[in-house]
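This report refers to the structure that appears directly beneath it.
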Amino acid sequence: MSISSYAKAINSVIASEMLKDENIIVMGQDVTSGGQYSQTEGLYKKFGTRRVIDTSINDDTTIKTALGSAMAGLKPIVFINSVFLLKTMDSIANEVAYTDFVYNSRYPSSMVICVDIAPSKANPPQMNFMYEAMFAHIPAIEVVYPSGVNEASSLMKEAIHSDKPVIFLMDKKLLLSEEDNFIAELNYQIGKAQILKEGDFATILSYGFMVKQALIAANKAQKLKLECEIIDLCSLRPLDKETIINSVKKTGRVIIAHEGYKTMGIGAELSALISESEAFDYLQRPIIRVAANDTPVGFSDELYDKCIPDWKNIYEAILYTAK
Amino acid sequence: MQINENTCVQIFYKMMKSRLFEELCVQLKDLNIISDKLYLSYGQEAVAASVCALGFDDMIFASHRSSAIAISANVSAEKLFAEAMGLNSGLNSGRCGLSQICDKNVNFISDVIPANSFAKAVGAALALKIKQKNNAVICYAGDGAAMTGDFFEALNLSALKKLPIVFYIENNGYAQKSPQSDYSCVKDISQIAKGLNITGILTDGNSPIDVYTATLQALEFAKQTSSPVIVEAKTYRLSGHFYDEIQNYRSEKEMEKWLEYDPIENHTNFMLKNKMGEVEDFINMRSKIKEELDIALDNVLNTLSDPNSEELQEAQA
């Protein structure tokens, strides 16, 4: 184990994959100068202007350009700023996701679209991007949302090797934070959730930043002898139905925790998935969603905290479901 | 530039085949045999025949109005008929109809969303450059698509990265029902090239020889200098935006004027004048193409009435 950050881990995976496969290119704003989080630091020096390509802030065009290059035989990794992510909805939903179907698998559309998302303090509302559910809604793409350095490293390798287009969501709050438990050679799979802590009292389903918040809440609850099972979804599309259903059958209680909006969110999908499955008969209590309030996220700490949940809200949910 | 007889015959063949293919599609549509909306290129066949200027392994991107380009690029008429009928034997297994098709054998890719092909074509040109291939990409789009931000962004990126691509604006004067004066501040879209410091070529889209010459020049320039070129071909859509559209937005007089300036007639006259054939030769050629298309169509229709055909079994299931 060693110390690394999400951004550094991603960087080293991309660098080593680029050495192995000369068709891999990196595109996006600032990629030659390393990007906002140094996630592409050093790539330009190693691979030059042919393979590390700066683009302007027209991310919709950048993704369509990347798609065209994929159709002509390259493997692009694109870095997009979350501020522009909604502008890329046309390229992602209409083009990237549909290419395999509409062109009958004759042209590859495999690419990785990396975006720094999630709410973080001291941002204007439009920069707190919490629309991951919109992207997970789109058929024929994969959406991953790693919760830490090991997940980021392993899932990036998987994303690069995937035949499908992958949206790689990177939590802004995690990108630069260093962790001391980094193991480079882990094998997480897209579509496979990780059980981070076993328990038989309640299942907590989470992803991204909220996974560690769920662990804090679960450790507190442990003192009350409430053993929670923590599941890190890792990928939002496809969802690991098997792991989720098996856990719910064991515990009979479910708490879903995410920073995305509650209404029509990932939690709604998870809740429906459980209700439609054989796990429904095992439920002892209603499913609880811990999610962002359905309002824009304000700039001040006070407005931010009113909207975005943390471990305290998860802990309250555990106590509530124990009643 | 001298154009040899063989090329002129090729151009005639492609234009006539496009027209006859679309005429058959219209008949099938009237008989309710095909459900495709039919974004026809009636009157714009010369632009489609510009694919004669393409080199081996050059890539073609096109828009929803692309069946004439597909026919000109030697995509199988039989598979196109089947696609228009939504059959599994269609070019794309009936997934999209004629407005969004691809054929890897001839590097042909069309996209139903106007303007979405621009950046994809730029990406393909980027790949050709990175892979050090001496090829170019040609991207066909309409005048409506040329007024989008997507067009500007694609032009900017391809000029900046010096990519071998020809943006081919098929200016038929209308974006759906709106005349160009309603949505464009420039009359000649090729003028946009000036501001980006790239080459723009304006050509008469109903003169097949002019179209061919301009396309060849543009492709050679794009390949030799590795840079984008805009070609604007002024033409006219004699059909509606789609086949059974209510055409209440233009005068009969206007349409008559363009009917008299028909690209196929223009080309026939040019060839006759230059002694590249007799009237009879053109009549024979037309009959031969018609025969080819009839056979292709019969092959598709036969699968419909064949009791063992997959299509019929599916329909009855």
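Letters go in sequence order (proteins before strands), and every chain restarts at 1. The figures here come from the full heavy-atom set of this structure, side chains too, leaving out hydrogens, waters and symmetry mates.
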Q. Can you name the nearest heavy-atom pair linking B:Phe108 to A:Tyr107, along with the distance?
A. N-OH, 4.1 Å
Q. Roughly how far, to the nearest 0.5 Å, is CG of B:Leu155 from OG1 of A:Thr61?
A. 10.5 Å
Q) Is it the case that more than 12 heavy atoms not belonging to B:Lys131 sit under 6.0 Å from its NZ atom? A) yes
Q) What part of A:Tyr98 lies closer than 4.5 angstrom to a heavy atom of chain B: side chain, backbone, both or neither? A) neither
**Q.** B:Ile130, part contacting chain A, at a heavy-atom distance under 4.5 Å
**A.** both
Q. Would you find more than 12 non-hydrogen atoms of other residues, nucleotides or ligands less than 6.0 Å from B:Lys223 atom NZ?
A. yes
Q) With only heavy atoms counted, which part of B:Lys129 is less than 4.5 Å from chain A, the side chain, the backbone, both or neither? A) backbone
Q) Which of the residues B:Cys102, B:Gly149, B:Ala127, B:Ala154 is involved in the greatest number of heavy-atom pairs with chain A at under 4.5 angstrom? A) B:Cys102
Q | Contacting moiety of B:Asp103, where chain A heavy atoms sit under 4.5 Å | A | backbone
Q | Spatial distance of atom OH (A:Tyr103) from atom CD (B:Gln100) [nearest 0.5 Å] | A | 4.0 Å
Q) What part of A:Ile63 gets closer than 4.5 Å to chain B, counting heavy atoms only: side chain, backbone, both or neither? A) neither
Q: Pick whichever of B:Asp111, B:Leu157, B:Asn156 has the most heavy-atom pairs under 4.5 Å with chain A.
A: B:Asp111
**Q.** Region of B:Leu160 in contact with chain A, defined by heavy-atom distances below 4.5 Å
**A.** neither
**Q.** Heavy atoms of other groups near A:Asp163 CG, more than 12 under 6.0 Å
**A.** no
**Q.** Atom pair NZ/CE of B:Lys104 and A:Met71 - distance to nearest 0.5 Å
**A.** 9.0 Å
Q: Without swapping roles, check the side chain of B:Asn92 against the backbone of A:Asn104 for a donor-acceptor pair under 3.5 Å.
A: no
Q. For atom CZ of B:Phe242, is the number of surrounding heavy atoms from other residues, nucleotides or ligands below 6.0 Å larger than 12?
A. yes
**Q.** Interatomic distance, B:Leu126 atom CG to A:Met27 atom CE [nearest 0.5 angstrom]
**A.** 6.0 Å
(Q) Please determine whether the number of non-hydrogen atoms from other residues, nucleotides or ligands lying under 6.0 Å from atom NZ of A:Lys45 exceeds 12. (A) no
Q: Mark yes when over 12 heavy atoms from residues, nucleotides or ligands other than B:Lys133 sit less than 6.0 Å from its NZ; otherwise mark no.
A: no
Q) Roughly how far, to the nearest 0.5 Å, is OG1 of A:Thr55 from NZ of B:Lys161? A) 7.0 Å
**Q.** Between CG on residue A:Asn94 and CD1 on residue B:Ile113, distance to nearest 0.5 Å
**A.** 3.5 Å
Q: Find the one option among B:Val122, B:Val112, B:Val137 whose heavy-atom pairs under 4.5 Å with chain A are most numerous.
A: B:Val122
Q | Validation row: A:Thr62, B:Glu153 side chains within 4.5 angstrom (heavy atoms) | A | no
(Q) Can you tell me which of A:Ser56, A:Pro76, A:Gly73 forms the most heavy-atom pairs within a distance under 4.5 Å of chain B? (A) A:Gly73
**Q.** Neighbour count above 12 (heavy atom, 6.0 Å) for A:Tyr131 OH
**A.** no
